[in-house]
2 protein chains.
Amino acid sequence: MKSSVSSDAHPEPKYSETATRILDAAEGLFVELGLEATSLRQITQQAGVNLAAVNYHFRSKDALFEAVFARRFAPWARECLRELDALEASVASGKAALDVEAVVMCYVRPALALSKDPSRGGAVFVRLFSRVLVENHRQLRETLSREWGHLVTRYTAALGRALPRLSSEEVAWRLHLGFSVMFHAFAGNDILKLFGRSAVSARDPDLIVKHMVPFVVAGMSAAPSGKPAAG
Amino acid sequence: MKSSVSSDAHPEPKYSETATRILDAAEGLFVELGLEATSLRQITQQAGVNLAAVNYHFRSKDALFEAVFARRFAPWARECLRELDALEASVASGKAALDVEAVVMCYVRPALALSKDPSRGGAVFVRLFSRVLVENHRQLRETLSREWGHLVTRYTAALGRALPRLSSEEVAWRLHLGFSVMFHAFAGNDILKLFGRSAVSARDPDLIVKHMVPFVVAGMSAAPSGKPAAG
DNA sequence: CGACAACTCAAACAGTCGTTTTAAACGTAC
DNA sequence: GTACGTTTAAAACGACTGTTTGAGTTGTCG
């Protein structure tokens, strides 16, 4: 089984100091206000650079957004692939069991590491990612599908092997639901907080993992859903 | 135990035909494009009304957005309260058990009914709701907290009784995580679809319920999360 | 009929948006 | 020194934004 991480598939672009300042400022403002509600003048003012610098270093506002996203996403996705590679290697050599929790941790560990590392965007990027999910960036979608679609395929295959008694359709649903919890938990999307009644301080990554992993593992490992549950 | 649904707590405003057309058009466009990216000219053009009608019937764009939201949310929230009242009445009279699935269904049934009823916005409103969660409308937040905060309190109390062996902190986490799955599943927020690799057609409400309820019930009913799961 | 309210309409308002342009400063090579 | 590509600076571009204005239409009641 060949490694999925080739060294030059996704080369890291190098940015000048001005470009980096723009990226940092844009990242924070995009998360806080959203893409449409953030103006280039706000970004350049916060970054302490000139307005025209945006269109010089990046071509347009949309291209800037994609650069903001790609800078954080690519390293994270590579880490996910490394986790899956390591798990499969351990299973092949008999050193580990391919159970549900092991697959879950292949996502949780990179997400946890990212959340705790401000130099890679920290929790801010995860929130930005959740904005991308709700807002519908066609171009970014196509990029993710083309460049990183196999990541999902890998997780699907791994979970399928961990849940051999479930049909592939049910495995897909478990993956969909499980990733939904994990993703939004790390992003801090707390519906209950909208109502001002959340008793959960959902910002400490370690606490999130502690409570989330048992929930997700139990949900993914539930008995097959034979009958419609409304009965 | 008094009923939580008073008949005049949230009176339904009546809208003229023009105002209704504006609300319908705005609802669809807000979901598709987001609040900031949708212009009043797009809304009025799609509704077939004059631009100034928006500021005549509603005061401003922000007030229009709140009207769009409130029109759908209030009836739905009332239905949730009725479900909780009915469950508590059944439990008090010994006709039903207060288990996790019963509490979950107090949310699922109204959400399912809403998703299947286009005349109340259908799945479109649930998607709009998920936008509200990510974008951060201060005013809407305050309204939800003030007018409907007790809804969350009711769910918390019910789940706490269904999970008597868990601490209140853990009950809060289970509620947070469980509602996260249910909410985003109904809203159709599929992370895997971002990568173009989702094998799940997450748009049929009955199918969503069939696969989601066992997942959520199992997750909420998991054993207490004693040790950090990373070990 | 006239009077009054509800509502619609086209036009204009002041402001902001992303983007472009033009000129100036910079470091480096000849 | 001059010449050059790179980066920054300020100003202007046209298009679009939410909102307001004031005249016009409609329908209803007396």
Side-chain angles (χ1 to χ4, degrees), chain A residues 12-71 128 131-132 135-140 143, chain B residues 11-71 128 131-132 135-140:
Chain A
E12 299 287 341
K14 291 282 172 248
Y15 294 110
S16 71
E17 197 208 313
T18 301
T20 303
R21 291 243 295 278
I22 292 174
L23 286 170
D24 289 338
E27 183 171 57
L29 287 169
F30 283 154
V31 168
E32 213 169 325
L33 310 172
L35 172 61
E36 307 281 349
T38 303
S39 72
L40 293 181
R41 285 166 179 83
Q42 287 177 280
I43 294 173
T44 52
Q45 187 172 340
Q46 175 152 331
V49 303
N50 187 266
L51 171 61
V54 172
N55 289 51
Y56 175 80
H57 289 284
F58 313 89
R59 296 189 322 281
S60 64
K61 187 186 181 182
D62 277 324
L64 167 62
F65 180 77
E66 293 205 31
V68 166
F69 186 84
R71 178 176 68 144
L128 179 65
R131 267 197 186 267
V132 171
E135 309 176 2
N136 238 1
H137 271 267
R138 189 161 11 92
Q139 183 133 333
L140 200 50
T143 304
Chain B
E12 298 288 340
K14 291 282 171 248
Y15 293 112
S16 71
E17 196 208 313
T18 300
T20 304
R21 291 243 294 278
I22 293 174
L23 285 171
D24 290 338
E27 184 171 55
L29 287 169
F30 283 154
V31 169
E32 213 168 326
L33 310 173
L35 172 61
E36 307 281 349
T38 303
S39 72
L40 293 181
R41 285 165 179 82
Q42 287 177 281
I43 294 172
T44 52
Q45 187 172 341
Q46 174 151 329
V49 303
N50 188 267
L51 170 62
V54 171
N55 291 59
Y56 175 79
H57 288 282
F58 313 89
R59 296 188 323 279
S60 65
K61 186 187 182 182
D62 277 325
L64 167 64
F65 180 77
E66 293 206 29
V68 165
F69 187 84
R71 177 175 69 145
L128 178 66
R131 268 197 184 267
V132 171
E135 309 176 3
N136 238 2
H137 264 268
R138 189 161 11 92
Q139 183 133 333
L140 200 50

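Quick note on labels: first sequence line is chain A, next is B, and so on, each numbered from 1.
- Rounded to whole Å, atom C1' of C/dT16 lies 14 Å from atom CD of A/Q45.
- Ion pair A/R131/B/E135 not flagged as a salt bridge, since none of the NZ, NE, NH1 or NH2 atoms sits closer than 4.0 Å to an Asp/Glu carboxylate oxygen.
- In this entry the distance linking CZ of A/R21 with C1' of D/dT8 reads 12 Å, nearest Å.
- Relative to the side chain of A/A52, the nucleotides D/dT19, C/dT21, C/dC9 differ in distance, and C/dT21 lies closest.
- With rounding to whole Å, A/E36 atom CD is found 14 Å from C/dT16 atom C1'.
- Distances from the side chain of B/H57 to the nucleotides D/dT8, C/dT8, D/dT17 place C/dT8 closest.
- Taking atom CZ on A/R59 and atom P on C/dT19, their separation rounds to 10 Å, with Å as the unit.
- Using a 4.0 Å heavy-atom criterion, one finds that B/T18 contacts the sugar-phosphate atoms exclusively.
- No donor-acceptor pair under 3.5 Å is formed between the side chain of B/K61 and the backbone N or O of B/S39.
- Between A/N50 atom CG and C/dT19 atom P there is a gap of 15 Å when expressed in whole angstrom units.
- Listed nucleotides: C/dT19, C/dC9, C/dC17. Nearest to the side chain of A/L51: C/dT19.
- Of all nucleotides listed (C/dC17, C/dA12, D/dA9), C/dC17 comes nearest to the side chain of A/R41.
- Using a 4.0 Å cut-off between a side-chain N of Lys or Arg and a carboxylate O of Asp or Glu, A/D24 and A/R71 qualify as a salt bridge.
- At the phosphate of D/dT17, OP1 or OP2 sits under 4.0 Å from a side-chain N or O atom of B/S39.
- Which of C/dC9, C/dT20, C/dA6 sits closest to the side chain of A/N55 comes down to C/dT20.
- Classified by interplanar angle (parallel below 30°, tilted 30° to 60°, perpendicular above 60°), the ring pair A/F65/A/H137 is parallel.
- With hydrogens and angles disregarded, a donor-acceptor distance shorter than 3.5 Å links the side chain of A/T38 to the backbone of A/L29.
- Across all strands, A/T38 comes closer than 4.0 Å only to sugar-phosphate atoms, never to a base (heavy-atom distances).
- Rounded to whole angstrom, the span from the CG atom of A/L33 across to the C1' atom of C/dT16 amounts to 15 Å.
- In this structure, the CZ atom of A/F30 is 12 Å from the C1' atom of C/dG18, given to the nearest Å.
- The separation between A/Y56 atom OH and D/dG5 atom C1' is 8 Å, rounded to whole Å.
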